[in-house]
Amino acid sequence: MSKIAIQLLILVLGAVILAPIIMALELDPMPGDFVLAMGTQHYPVPVLWSLCASGALALLYSFYRR
């Protein structure tokens with residue numbers, strides 16, 4: 001796999017892992033976020049917040065590796 005593909009995979013997996021944590025923070029929704037409706041419950045899924053947090057952690061990790 002190429003280096004870019006691995007970094008994108010890490011970015012997406014990190015966003016999936018961080019999504020429940022960011023949901024618990026109840027931040028204001030950003031464009032690109034969506035609401036998941038299950039019965040009478042509505043769960044806002046913070047897509048952009050999760051991608052931003054995952055990207056920041058990936059950059060921090062890459063700087064510490066050097």
Side-chain angles (χ1 to χ4, degrees):
M1 288 180 96
S2 69
K3 191 173 186 177
I4 294 174
I6 292 172
Q7 288 177 344
L8 286 175
L9 181 66
I10 290 171
L11 181 72
V12 170
L13 286 175
V16 169
I17 292 169
L18 290 172
I21 296 168
I22 295 174
M23 286 172 66
L25 294 175
E26 297 180 2
L27 300 171
D28 290 334
M30 291 178 70
D33 295 352
F34 61 92
V35 177
L36 191 68
M38 293 184 181
T40 59
Q41 297 289 331
H42 299 283
Y43 301 103
V45 180
V47 176
L48 284 179
W49 282 113
S50 299
L51 286 173
C52 289
S54 178
L57 289 176
L59 283 173
L60 186 66
Y61 176 73
S62 68
F63 286 134
Y64 279 134
R65 271 186 63 195
R66 293 178 189 223

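Worth saying up front: this structure is predicted, and the values here are computed from it rather than measured. FYI, side chains are in, hydrogens and waters are out, and symmetry mates aren't considered; it's all heavy atoms of this structure.
Counting only heavy atoms from C-beta outward, the side chains of Leu27 and Ile22 approach each other to under 4.5 Å. Side chains of Leu48 and Asp33 form a contact here, defined as non-hydrogen atoms less than 4.5 Å apart. Within the 4.5 Å cutoff, side-chain heavy atoms of Leu57 are placed close to those of Leu18.
Within a 6.0 Å sphere centred on CG of Leu59, other residues, nucleotides and ligands contribute more than 12 heavy atoms.
Hydrophobic clustering, with ILVMFWY side chains joined whenever heavy atoms are under 4.5 angstrom apart, keeps Val47 apart from Ile21. By the criterion of side-chain heavy atoms lying less than 4.5 angstrom apart, applied directly or through intervening Ile, Leu, Val, Met, Phe, Trp or Tyr residues, Met30 is grouped together with Leu25 in one hydrophobic cluster.
Between the Trp49 side chain and the Pro29 main chain, no donor and acceptor come within less than 3.5 Å of each other. Under a 3.5 Å cut-off, the side chain of Ser50 and the backbone N or O of Pro46 do form a donor-acceptor pair.
Residues that satisfy the side-chain contact (heavy atoms from CB on, under 4.5 Å) test with Tyr43, not counting sequence neighbours, are Met23, Leu36, Met38, Gln41.
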Using side-chain contact (heavy atoms from CB on, under 4.5 Å), reason through Val45 and Val35 one step at a time and then give a plain yes or no.
CA-CA 6 Å; Val45 180; Val35 177; over 6 Å; no

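Through direct or indirect side-chain contacts shorter than 4.5 Å among Ile, Leu, Val, Met, Phe, Trp and Tyr, Leu60 is connected to Tyr64.
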